[in-house]
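For reference, the structure is listed below as structure tokens.
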Amino acid sequence: VDIDGAVDMASTLGVTGVVTANAGVVVDNITIDGTEIDLSSGNLTLDVAGSIILDADGGQIQFHDGGTEIGVFENSSSDFVMESKVQDKDIIFKGNDGGSGITAMTLDMSEGGLVGIGTTSPSDYSTSADDLVVKNSDHAGITIVSPTNKSSNLFFADGTSGNEQFRGFIQYDHGNNVTDAMSIGTAGAEKLRITSDGNVGIGHFTPQYGITMAQGNADGQKIGWEDG
């Protein structure tokens, strides 16, 4: 034992092995009992020069508050799982935008996992279209970006086979098949195209005029007006 300084112990110190402290250990009301570090008050700060590595062979990092499990980070067959454990409580992503706190995204667990971007209450909106709600106090929008030789697509599916995957669709072709054309499809096939010249083809995909209509028989090549 080589001690340079004061030693004050009010209870038993038992050591098996080597203890080295080079003016870097201060212990006050901490219990290490094989499976836990128990602090009766205050915070626990880990301040390291490198990285903090949590290596849990059980595959879980659990968050508790007052004995209640709040959430879990989990390894599930090498998939990274983040789970809210309290019934109907959300997963909320917050941040700082120009000095102001914001809620960037909310996963609403009380409504089957609805996603709100810019809103904490996606369920406030129509149940026909509240799975993903994007809100902004100014202009709001969603941008789809693809290369100049590919297309950008919004598909409306009712199954997973064949054209069930795209029974209805809106497509902007940047140059995959044609250059700068917008198409609208129903029943799994293109029905209307707007070309880069602004020409509109209905049933015709290389329109040379402002509006071109084409169908398989003469009776179909008509424009009709009906009283409302």
Side-chain angles (χ1 to χ4, degrees), residues 52 61-65 68-76 79-160 163-202 205 210-211:
I52 296 176
I61 299 173
Q62 302 178 4
F63 296 88
H64 292 241
D65 187 358
T68 300
E69 188 177 23
I70 304 300
V72 170
F73 290 152
E74 182 178 6
N75 169 22
S76 177
D79 291 329
F80 182 76
V81 178
M82 180 172 58
E83 181 179 359
S84 175
K85 300 296 288 187
V86 180
Q87 179 177 322
D88 292 338
K89 301 306 290 183
D90 303 337
I91 295 177
I92 302 173
F93 295 86
K94 294 191 174 186
N96 187 303
D97 182 3
S100 298
I102 62 166
T103 297
M105 183 169 70
T106 299
L107 305 181
D108 191 342
M109 300 304 171
S110 65
E111 296 291 342
L114 304 182
V115 178
I117 299 176
T119 175
T120 59
S121 303
S123 60
D124 287 351
Y125 300 87
S126 171
T127 56
S128 296
D130 62 352
D131 297 283
L132 171 62
V133 176
V134 179
K135 180 181 179 181
N136 197 310
S137 58
D138 202 340
H139 304 292
I142 298 174
T143 299
I144 301 175
V145 180
S146 61
T148 57
N149 63 341
K150 301 296 181 181
S151 63
S152 298
N153 304 279
L154 180 61
F155 287 174
F156 305 93
D158 57 18
T160 58
N163 65 18
E164 293 175 350
Q165 302 172 72
F166 50 89
R167 290 299 288 170
F169 60 84
I170 300 172
Q171 179 184 82
Y172 192 90
D173 196 332
H174 297 275
N176 185 42
N177 295 307
V178 294
T179 300
D180 289 327
M182 176 76 77
S183 299
I184 297 176
T186 61
E190 183 179 4
K191 298 299 194 299
L192 182 147
R193 179 179 295 182
I194 305 173
T195 68
S196 58
D197 297 325
N199 295 334
V200 177
I202 302 174
F205 308 129
I211 297 178

**OP:** Quick one: which residue pairs count as a side chain to side chain donor-acceptor pair (under 3.5 Å) with a foot in residues 110-126, not counting sequence neighbours?
**Re:** D108-S110
Original post:
Looking at L107, L114, L132, which one forms a side chain to side chain contact (heavy atoms under 4.5 Å, CB included) with P122?
Top reply: L114
**OP:** Using side chain to side chain contact (heavy atoms under 4.5 Å, CB included) as the criterion, point out the one residue from M82, E83, Q62 that pairs with E74.
**Re:**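 Checked M82, E83, Q62 against E74; only one passes side chain to side chain contact (heavy atoms under 4.5 Å, CB included): E83.
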Is there a donor-acceptor contact under 3.5 Å from the side chain of [X] to the main chain of [Y]?
| X | Y | answer |
| --- | --- | --- |
| R167 | A187 | yes |
| N96 | G99 | yes |
| K191 | T186 | yes |
| S84 | K89 | yes |

Close side-chain approach of [X] to [Y], heavy-atom, < 4.5 Å:
| X | Y | value |
| --- | --- | --- |
| M182 | I170 | yes |
| F63 | E69 | no |
| V115 | D131 | no |
| H174 | S151 | no |
| D90 | M109 | yes |
| R193 | V178 | yes |

Original post:
When you look at CG of N136, are more than 12 heavy atoms from neighbouring residues, nucleotides or ligands closer to it than 6.0 Å?
Top reply: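 More than 12 heavy atoms, drawn from other residues, nucleotides or ligands, come within 6.0 Å of this atom.
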Original post:
Nearest 0.5 Å, what's the CG-CZ distance between N199 and F205?
Top reply: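 Here the rounded value is 14.5 Å.
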**OP:** Supply the atom-to-atom distance M105 CE to I117 CD1, rounded to the nearest 0.5 angstrom.
**Re:**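 If we round to the nearest 0.5 Å, M105:CE and I117:CD1 are 6.5 Å apart.
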Original post:
With distance as the sole criterion, is a donor-acceptor pair present between the side chains of Q171 and S183 under 3.5 Å?
Top reply: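 Their side chains do not contain a donor-acceptor pair, so the 3.5 Å distance test is not met.
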Subject >> Side-chain donor-acceptor contact under 3.5 Å, D180 with Y172 >> reply: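 Distance-only check passes for D180 and Y172.
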**OP:** Could you please spell out the steps behind the side-chain contact (heavy atoms from CB on, under 4.5 Å) verdict for N75 and V81?
**Re:** CA-CA 6 Å; N75 169 22; V81 178; over 6 Å; no
Subject >> Closest contact, heavy atoms only, K150 versus D173 >> reply: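 Distance-wise, the nearest heavy atoms are O-OD1, 3.9 Å.
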Subject >> Exercise: identify the closest heavy-atom pair between I144 and N153 >> reply: CD1-O, 3.9 Å
**OP:** Would you please test V72 and K85 for side-chain contact (heavy atoms from CB on, under 4.5 Å) and show each step?
**Re:** CA-CA 7 Å; V72 170; K85 300 296 288 187; 3.8 Å; yes
**OP:** Please state whether the rings of F155 and F169 are parallel, tilted or perpendicular, taking 30° and 60° as the class boundaries.
**Re:** perpendicular
Original post:
Given the side-chain rings of F73 and F80, with only the six-membered ring counted for Trp, is the space between their centroids under 6.0 Å?
Top reply: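 Yes, ring centres under 6.0 Å apart.
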